[in-house]
Amino acid sequence: MKDYLAELNEPQYQAVTHENGPLMIIAGAGSGKTRVLTYRIAHLMGQGVDAFNILSLTFTNKAAGEMRHRIEKIIGSEARNLWMGTFHSVFAKILRIEGGRLGYTPNFTIYDSDDSKSLIRTIVKEMKLDDKTYKPNFILNRISGAKNNLISWQAYLENPIFGGEDAAAQMPEIGRIYRTYSMRCFSANAMDFDDLLFNTNILFRDHLDVLNKYQHKFKHVMVDEFQDTNISQYLITRKLSAVHQNICVVGDDAQSIYAFRGANIQNILNFKKDYPELKVVKLEQNYRSTKMIVDAANSLIKKNKNQFEKNTFSDNEEGDKIEVIKAHSDNEEGRIIANNIFETKLNQNLKNQDFAILYRTNAQSRAFEEALRKLNIKYRIIGGLSFYQRKEIKDLIAYLRFTVNQQDEEAFKRIINLPKRGIGDTTVAKIIVTANENNLSIWDVVGDIHKYMEGRATNAIDTFATLIKSYMILLEEDKDAHTMAMHIAKTSGLLHELYVDKTVEGMARHENVQELLNSVKQFVDNPENEDVSLGTFLQTVSLLTNADQDEDGDPDKVTMMTIHGAKGLEFNHVFVVGMEENLFPSQMMLKNRDDLEEERRLFYVAITRAEKKLTLSYAEQRYNWGKLTFCEKSRFIDEIDAKFLKSDERVGITTASTSYDLTSRNPPPQVKPAFKKPEIPVRPGNTRSQVISHLKPVNQAKPAPAHVATQDFKPSDTSNLKAGDKVEHPKFGFGDVKKVEAQGNTSKAIIHFKSEGEKTLLLSFAKLRIVE
DNA sequence: GCTTTGTTCCTTTTT
DNA sequence: GGAACAAAGC
């Protein structure tokens, strides 16, 4: 059993055999991190540590499952008792058990971001605020950021800094929205994603007996992808490991790509402070990629200032240079890449699964889908519009949610008139008002409607209530999730409504619901699941990650996904596409942030997914939100040392020796291609409006703005900005400062721009250059 | 109350 | 390209 240790190099061996005390593993890309984690757990178990005393937090549930299987191979079925999973799923499980201490029932609902946004929208409306100013996305981000830093709504309202920032952003009421939002979630017996971590912190802070129980239970705590944990997550692990001090974190600062959701590289620095006894192991040898790829990646990442000293290297073969491809349009980019895959497959005897196409945003997948389909190359898309976000799926899930938890306001709003029962918005509003006025829950009113309301809708409401009550009775009889879901799908009328609908969309939806029912069946039949109740199913489903998507069994497919989704994966040949300014690095980052370090790390992650071959591509023009835009090559390509790049940039597929060019029916134009809208692929889901918008004339490109900022636009120090100064802004052009006023710890300036008129800008954000 | 049609706004990445 | 909303007609 011990011979697995023989395969390890020195630092890997150190990491695996370190048993007690805090350990930090700085693991470069491709350095065998997963293997180390797996062996380390197996090794601990070999040393007599019980499986249920080990907690291992991974980035996806799938990663946890795979690791469990690998450990099982080494150590046996005992591995099933390991506590493994994502932060969210592990602590949702604990909150299910212990949440009673905080006033939640075990069947609490997990709100996804759509639910959260919908609730925020409702609250904004109720508070009679302007919904043009108060954007749900922004508010949710704000609340999420607060929760991830463990700032409760009380603390938020008390601290003038937050109020000041919100006032400066013209949204002084965010604090009160946060308060109402939290209270509404609580009374709905629901937690959003951030609450799962926030409430775990509260639980451990206020209920020391509970903390104690888990501190003693988890003798070893392991955290993978440590660079992507936020404060809230970090504090949970610190508390849990306070007794035994056996905490092992694995991460790579160069691959930190989740700062936007609160991840904090500082955690790695703080870690050294919190654990003076810390042992640090660095895994620097890359076993994954060729020398060329590792060196190119290093030449890029060294442009970042914030990073730890590390020397990643490869002893593998030299490898090919990185190829850069320039295409005319996004569609041509798709065709070139698809052709490239087609040819490479034949020439080098590779399979579909050896290729990955990585992009910055999900919306980019379309051109590649179409091109691959034309060449009959199988592909799969990870992420994007997920199965569980489709309307018909959310509808059935809402029924299931409401059966389990009648306080679930968002589920209620979805299903009360679905299928149509003649209960309109007016009636729903009336129910909510009645509930609020009498200090009752919505269900109290709905369940006994004749006591509170009169009118023609009451009978319909009564029918609905009776239906739900019948489901509740079944639930109490401990029926399993599949029995429940099947019964509800049939008797609610949802399935029937879709069955009757014989349009293409309707049939696709019906199929989707069947697929959902199948997955409930699988959940129930899986021997690894002890608890097959509906409540557990719902919580599991709401915490599925992108990578957890079900496969149809055929692994031989080209993989397409965002770079974020590619973390931890590797492919023989990787295409990083859409390498254009404003796309990658993204427009947002260029506008809002002074540095591009996180974007650069993202590119680093993309590059280091490749084992043998890396191809970068960009297009000169592309459709963005229905508008044609012109693009420039990404600065990131030029940041790679030129000696690693193949200098000849192929333009178009006209130069390629495409003897298998199946697209020859639409040969690429010789001169500048007239830009045509993509054909609408024939598939279910094309809505009427899509067809219509396809028929509309193609939008003409807007004339270039009067003022276009130079690429190296550097903002000046605006701390001394005063009225009368002349300034330049990358987007608005030249302007005169009318007024500067301080507001809390930020200040804003009112500037009159020649082209845009008067604008109010926050000086801490604005990219302004003072013109002499 | 329901359905259709038109309009506007938003556009990063994810649990 | 799409979600969410408003308006208008049934």
Side-chain angles (χ1 to χ4, degrees), chain A residues 57-61 85-92 110-114 116-118 121 125 131-132 135-138 140-141 144 147-148 191-197 225 228-230 232-233 256-263 358-364 366 382-386 388-389 391 417 419-428 455-457 460 542-548 561-567 578 582-593 598-599 601-602 605-606 623-627 629 677-678 680 685-694 696 699:
Chain A
L57 297 162
T58 55
F59 206 68
T60 65
N61 297 305
T86 62
F87 269 94
H88 288 87
S89 63
V90 165
F91 295 109
I110 297 171
Y111 273 178
D112 67 14
S113 8
D114 285 342
S116 299
K117 275 182 244 170
S118 154
R121 217 172 276 126
K125 237 179 253 170
D131 56 359
K132 299 259 162 19
K135 309 248 174 65
N137 253 325
F138 185 92
L140 183 58
N141 274 337
S144 169
K147 281 186 194 160
N148 286 331
M191 299 191 204
D192 68 15
F193 290 134
D194 305 310
D195 283 335
L196 294 171
L197 308 173
E225 307 286 4
D228 288 325
T229 52
N230 58 38
S232 180
Q233 292 169 317
S256 163
I257 53 175
Y258 279 96
F260 72 90
R261 69 171 199 210
L358 307 183
Y359 36 75
R360 181 65 179 81
T361 68
N362 283 307
Q364 284 166 259
R366 172 172 295 261
I382 294 181
L385 230 188
S386 99
Y388 291 98
Q389 284 172 308
K391 181 184 178 300
N417 197 27
K420 300 265 180 300
R421 300 186 171 83
I423 305 172
D425 294 347
T426 333
T427 316
V428 174
R456 89 185 136 145
S542 23
L543 294 174
L544 287 180
T545 64
N546 267 337
D548 297 328
M561 61 192 149
T562 65
I563 303 168
H564 284 90
K567 201 162 66 155
N582 292 330
L583 187 55
F584 192 19
S586 96
Q587 208 173 9
M588 292 281 198
M589 287 299 198
L590 290 170
K591 231 189 282 175
N592 299 335
R593 296 264 203 104
E598 180 156 324
E599 293 281 291
R601 288 193 294 267
L602 195 56
V605 169
Y623 263 104
N624 257 347
W625 319 301
K627 285 200 184 72
T629 52
K677 257 202 148 170
I680 291 211
N686 279 335
T687 60
R688 222 184 73 85
S689 71
Q690 274 176 315
V691 176
I692 290 175
S693 80
H694 182 246
K696 278 188 205 156
N699 291 327

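All values derive from a computational prediction rather than experimental measurement. Chain naming here is simple, since letters A, B, ... match the order of the sequence lines and numbering starts at 1 in each.
- Between B:dT12 and A:Asn362, no contact under 4.0 Å exists linking OP1 or OP2 to a side-chain N or O.
- Nucleic acid contact class of A:Ser89 (heavy atoms, under 4.0 Å, all strands): none.
- Here A:Lys567 pairs with A:Asp228 in a salt bridge; the nearest charged N to carboxylate O distance falls below 4.0 Å.
- A:Met589 has its CE atom 11 Å from the P atom of B:dT12, to the nearest Å.
- Phosphate contact (OP1/OP2 of B:dT14, side-chain N/O of A:Lys567, threshold under 4.0 Å): absent.
- Contact check, A:Ser542 against B:dT15: no side-chain N or O comes under 4.0 Å of OP1 or OP2.
- Between the side chains of A:Ser116 and A:Ser113, not a single donor N or O lies within less than 3.5 Å of an accepting N or O.
- Remark: C:dA6 base-pairs with B:dT5. Criterion, Watson-Crick or G-U wobble with two distances under 3.5 Å.
- Counting to the nearest Å, the P atom of B:dT13 and the CD1 atom of A:Ile563 are 11 Å from each other.
- In this structure, A:Phe584 places its CZ atom 11 Å from C1' of B:dT12, rounding to the nearest Å.
- Atoms CG (A:Leu543) and P (B:dT15) sit 10 Å apart, rounded to a whole Å.
- Centre separation under 5.5 Å together with a plane angle under 30° does not hold for the ring of A:Phe260 and the six-membered base ring of B:dT14, so they are not marked as stacked.
- Taking atom CG of A:Leu358 as the reference point, atom C1' of B:dT13 lies 13 Å away to the nearest angstrom.
- Ranking B:dC9, B:dT14, B:dT15 by closeness to the A:Lys132 side chain, first place goes to B:dC9.
- No side-chain donor from either of A:Ser542 and A:Asp112 sits under 3.5 Å from a side-chain acceptor of the other.
- Between the A:Asn417 side chain and the A:Ile423 main chain, a donor and an acceptor come within less than 3.5 Å of each other.
- In the set B:dT15, B:dC2, C:dC5, C:dC5 carries the atom at the smallest distance from any side-chain atom of A:Arg121.
- Note: CZ (A:Phe59) to C1' (B:dT14) measures 7 Å, nearest angstrom.
- At the phosphate of B:dG1, OP1 or OP2 sits under 4.0 Å from a side-chain N or O atom of A:Thr426.
- Residues A:Asp194 and A:Ser144 have side chains that bring a donor and an acceptor to within less than 3.5 angstrom of each other.
- The distance between atom NZ of A:Lys117 and atom P of B:dC9, rounded to the nearest whole Å, is 18 Å.
- The side chain of A:Thr427 sits closest to B:dG1 out of B:dG1, B:dT12, B:dT15.
- Contact annotation: A:Arg261 does not reach the phosphate of B:dT13 (side-chain N/O to OP1 or OP2, under 4.0 Å).
- Nearest nucleotide to the A:Arg366 side chain, out of B:dT13, B:dT11, C:dG1: C:dG1.
- The nearest whole Å value for the distance from the CG atom in A:Asn148 to the C1' atom in B:dT15 is 10 Å.
- Aromatic ring centroids of A:Phe59 and A:Tyr258 lie under 6.0 Å apart.
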Query raised in the report: What do the steps show when you test A:Phe260 against A:His564 for ring pair (Phe, Tyr, Trp, His ring centres under 6.0 Å), and what is the final call?
Result: CA-CA 12 Å; A:Phe260 72 90; A:His564 284 90; 5.7 Å; yes

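- Along DNA chain B, the nucleotide nearest A:His88 and the nucleotide nearest A:Ile423 are compared for position; the residue whose nucleotide lies closer to the 5' end is A:Ile423.
- Between A:Glu599 and A:Gly422, the residue anchored nearer the 5' end of DNA chain B, judged by the nucleotide with its closest heavy atom, is A:Gly422.
- Within 4.0 Å (heavy atoms only), A:Phe87 reaches no atom of the nucleic acid at all.
- Distances shown here put a side-chain N or O of A:Lys135 below 4.0 Å from the OP1 or OP2 atom of B:dC10.
- With distances taken from any side-chain atom of A:Thr86 to the nucleotides B:dT15, C:dC5, B:dT13, the minimum falls on B:dT15.
- With B:dT3, B:dT11, B:dT15 as the candidates, the nucleotide lying closest to the side chain of A:Lys420 is B:dT3.
- The pairing partner recorded for B:dT11 is none, the criterion being a Watson-Crick or G-U wobble arrangement whose two distances lie under 3.5 angstrom.
- In this structure, A:Asn137 reaches the B:dT11 phosphate: one of its side-chain N or O atoms is under 4.0 Å from OP1 or OP2.
- Residue-level contact check: A:Asn624 touches neither bases nor backbone, having no heavy atom under 4.0 Å from any strand.
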